[in-house]
Amino acid sequence: MTDLATYNFGYLDEQTKRMIRRAILKAIAIPGYQVPFASREMPMPYGWGTGGVQVTAAIIGPQDVLKVIDQGADDTTNAVSIRAFFQKVANVAVTTHTKDATIIQTRHRIPEHKLAEGQILVYQVPIPEPLRFLEPRETETRKMHALEEYGLMHVKLYEDIAHNGRISKTYAYPVKVAGRYVMDPSPTPKFDNPKMHRSEALQLFGAGREKRIYAVPPYTDVVSLDFEDYPFEIQTFDKPCALCGAENVYLDEVVLDDKGGRMFVCSDTDNCEDRREHGHAGEMLAPTKEAAE
Amino acid sequence: MTDTPLLKVSGVSKFYGSRIGCKDVSFELWPGEVLAIVGESGSGKTTLLNCLSTRLMPTTGSVEYRMRDGNFRDLYHMSEAERRFLMRTDWGFVHQNPADGLRMTVSAGANVGERLMAVGDRHYGKIRETASDWLTRVEIGTDRIDDQPRAFSGGMRQRLQIARNLVTGPRLVFMDEPTGGLDVSVQARLLDLVRGLVNDLGLSAIVVTHDLAVARLLSHRMMVMKDGHVIEHGLTDRVLDDPREPYTQLLVSSILQV
Amino acid sequence: MATPLVVSEVFKSFTMHLRDGIKLPVVNDVNFSVASGECVVLGGPSGIGKSSILKMLYGNYAVDAGQILIDHKDRLVDIARADPRTVLDVRRHTLGYVSQFLRTVPRVSALDVVAEPLVARGIAAAEAREKAAELLAKLNLPQELWTLPPATFSGGEQQRVNIARGFITSHRILLLDEPTASLDATNRRVVVDMIADKKREGVALLGIFHDEEVREAVADRILDVSQFSPRKAVAA
């Protein structure tokens with residue numbers, strides 16, 4: 001701490017944190033609405049989660065326990081760096097266990113373990129505007145949100161079905177929040193969309209480069225857009241996790257060799273480890289386990 | 001013959017600083033009626049069209065529109081939400097350049113279906129069916145339904161734009177030089193198509209054109225504009241066959257044959 | 001007998017703004033009427049204003065002064081002053097016009113061109129086409145032409161399409177501008193018969209016929225248009 005005396009708690013100065021908190025409060029009051037905020041330069045490049053870091057910095061307190069994941073993993077560069085950052089500038093406790101964390105900053109995943117009341121999930125958002133690729137004019141997209149003109153969103157889904165026979169969008173799948181605003185859930189796989197619906201945890205979204213904050217308060221309806229005859233579906237996997245044998249979780253493909261060998265393992269490393277500790281084993285782990293016995 | 005007009009325009013003027021865009025225009029448009037606004041470039045016809053279609057705020061005057069519930073509403077006193085809703089359901093706007101009225105990077109089917117989705121249609125199969133029906137009506141092969149308008153010829157794009165506008169069954173369509181950029185044979189086909197659709201659907205339309213042949217073929221009534229003023233106004237064949245004003249006579253005598 | 005068409009004190013001139021605004025008087029003080037079941041033929045040398053009178057009655061030419069009263073849907077409409085919408089309604093329901101030339105519309109078949117006035121009055125397309133076919137057959141238009149757009153037809157064929165189109169409705173007043181000009185003797189007789197039928201139905205007809213034989217056959221009365229000529233008035 002002593003050699004960091006020049007930094008305020010949580011890196012940002014109090015005025016900035018207050019400004020961000022006000023944006024967060026407004027975002028919570030208007031679920032799904034993108035609140036502009038004066039995003040600061042952070043000591044890391046855009047794309048590394050500057051939005052999420054600022055939101056976390058604004059809400060974190062000395063008693064908080066922080067978990068940071070990147071694509072579900074606690075041990076990738078991005079996650080490790082951000083976790084280390086907050087250890088330095090806020091001196092808070094950190095964890096990799098979902099259930100122990102009070103704040104979970106995430107890039108592109110929602111933990112498999114069901115979040116509980118009191119927890120806050122902070123998303124790092126690259127592009128907050130779901131209508132952007134259909135309507136590039138920001139003035140126009142804001143108007144469309146204001147007037148609830150969301151036909152265009154379905155145009156995108158229509159195109160998907162027309163070209164691929166199904167809605168092929170697998171991540172950043174648009175949702176409607178509290179029956180009002182259409183929102184981009186950040187590039188999480190659509191597998192995670194149902195977890196947002198009526199979640200007990202508070203969900204905050206920070207886009208640093210685009211200077212927007214939005215939120216989904218606890219117990220809020222979050223509905224994935226779809227067609228009556230092409231209802232929303234999540235990804236399914238043929239096999240369980242090769243390491244922990246978990247089913248109905250999101251899996252990553254891991255290439256094992258250059259002969260086409262591969263396995264599918266949990267994207268959520270904490271969940272996978274936790275299961276293995278509790279004696280679950282997938283097919284790739286089974287031999288070692290048998291050998292151990 | 002219905003006894004209530006669809007649109008009541010009174011005293012609409014638009015000034016650009018001290019210059020006149022259009023001055024003191026008043027008329028009524030009736031259901032099923034096609035009005036042509038003709039005049040040379042800079043005569044104020046597009047300014048007037050934009051004022052009527054609420055794309056531009058006039059300096060003075062009012063435009064009242066009879067809503068589907070039968071009540072007249074002043075377009076300039078509506079909320080923006082209502083106005084935009086009106087524009088994408090009960091109105092159509094056909095731009096001279098189809099790229100201004102189409103989404104060039106989404107398929108023809110989605111271009112036609114967008115308005116349906118905007119009003120809440122959520123059944124892919126039905127939207128697609130309606131879209132392909134409309135493509136047929138504007139003489140675009142249904143095998144092109146998944147192609148982007150970028151791959152279409154100018155005439156096809158313009159026909160697609162028309163389908164996109166008519167799919168919600170609007171009662172009033174604004175057209176700005178609908179045949180402007182097309183070559184003559186394509187023009188004839190488009191005009192004929194528009195004429196047929198207007199007749200079949202009982203649409204009201206306001207068509208801005210500098211081409212008197214277009215006005216002759218499409219419109220019942222025409223207004224001739226010069227320097228922002230409406231200088232002559234009457235039955236289309238009357239204005240063309242017996243033009244009264246010097247400028248109208250000049251205009252009519254300048255064309256080869258209508 | 002009903003008099004559905006009354007013309008009184010009508011003046012017409014053209015002002016040629018492109019030629020230093022010279023004023024060309026066409027007709028002065030036109031007064032006449034046409035009764036139901038009567039065929040009045042406008043007579044006089046060419047250029048005297050016969051066609052102009054028909055065009056004024058049809059609302060195609062503006063009128064400087066005077067009244068053109070038409071009994072339309074049980075009320076009198078003054079075509080000289082009526083708004084465009086009223087003129088169109090009069091044309092749709094009361095006042096028919098067979099012009100000298102057919103203004104063809106690309107891609108519309110002869111049958112549909114003929115049927116159109118009925119469709120415009122709200123009659124079902126199939127029924128209107130049936131009636132159209134009947135008329136085209138009567139006028140000896142070869143059946144293979146019926147489904148083609150008339151743009152490529154010969155003058156006589158186009159004229160027969162035009163006549164069929166004008167005669168298909170039961171308009172109370174019918175204006176005929178040289179409908180037999182390019183027809184052969186057989187078809188001229190057909191048209192004469194058709195005019196006779198219209199008269200029996202009580203239609204008021206006003207026409208221009210240069211063919212003396214046809215004129216003799218159809219005219220109840222010949223109205224000499226030269227009496228309205230401004231040149232005569234000046235001379236007198």
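Heavy-atom basis, side chains included; hydrogens, waters and symmetry copies ignored. The sequence lines fix the lettering, A, B, ..., with proteins before strands; numbering per chain opens at 1. In this text the structure is predicted, and so the values were computed from the model without any measurement.
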Side chain, backbone, both or neither: which part of B:Arg244 has a non-hydrogen atom closer than 4.5 Å to chain C? both
Against B:Leu235, only a single residue in C:Val87, C:Thr86, C:Asp83 fulfils side-chain contact (heavy atoms from CB on, under 4.5 Å); can you say which? C:Val87
Give a yes or no on whether C:Asp20 atom CG has more than 12 heavy-atom contacts from other residues, nucleotides or ligands under 6.0 Å away. no
Is a side-chain donor or acceptor of C:His17 paired with a backbone partner of B:Leu250 at a separation under 3.5 angstrom? no
Are any non-hydrogen side-chain atoms of C:Arg107 and B:Leu193 less than 4.5 angstrom apart? yes
Salt-bridge contact B:Asp237-C:Lys55 (side-chain N to carboxylate O under 4.0 Å): no
Looking at B:His233, B:Arg195, B:Glu245, B:Arg238, which one has more heavy-atom pairs under 4.5 Å with chain C than the rest? B:Arg238
Would you check if the side chain of B:Asp241 reaches a backbone N or O of C:Asn60 as a donor-acceptor pair within less than 3.5 Å? no
In terms of heavy-atom proximity below 4.5 Å to chain B, should C:Ser13 be classed as side chain, backbone, both, or neither? backbone
By a 4.5 Å heavy-atom criterion (distance strictly below it), what part of B:Glu33 contacts chain C: side chain, backbone, both, or neither? side chain
Is the closest side-chain heavy-atom distance between C:Leu18 and B:Pro246 below 4.5 Å? no
Kindly check if the number of other-residue, nucleotide or ligand heavy atoms within 6.0 Å of CD (C:Glu130) is above 12? no
Under 4.5 Å from a heavy atom of chain B, the part of C:Arg19 involved: neither
With a sphere of 6.0 Å drawn around CD of C:Glu201, does it hold more than 12 non-hydrogen atoms of other residues, nucleotides or ligands? yes
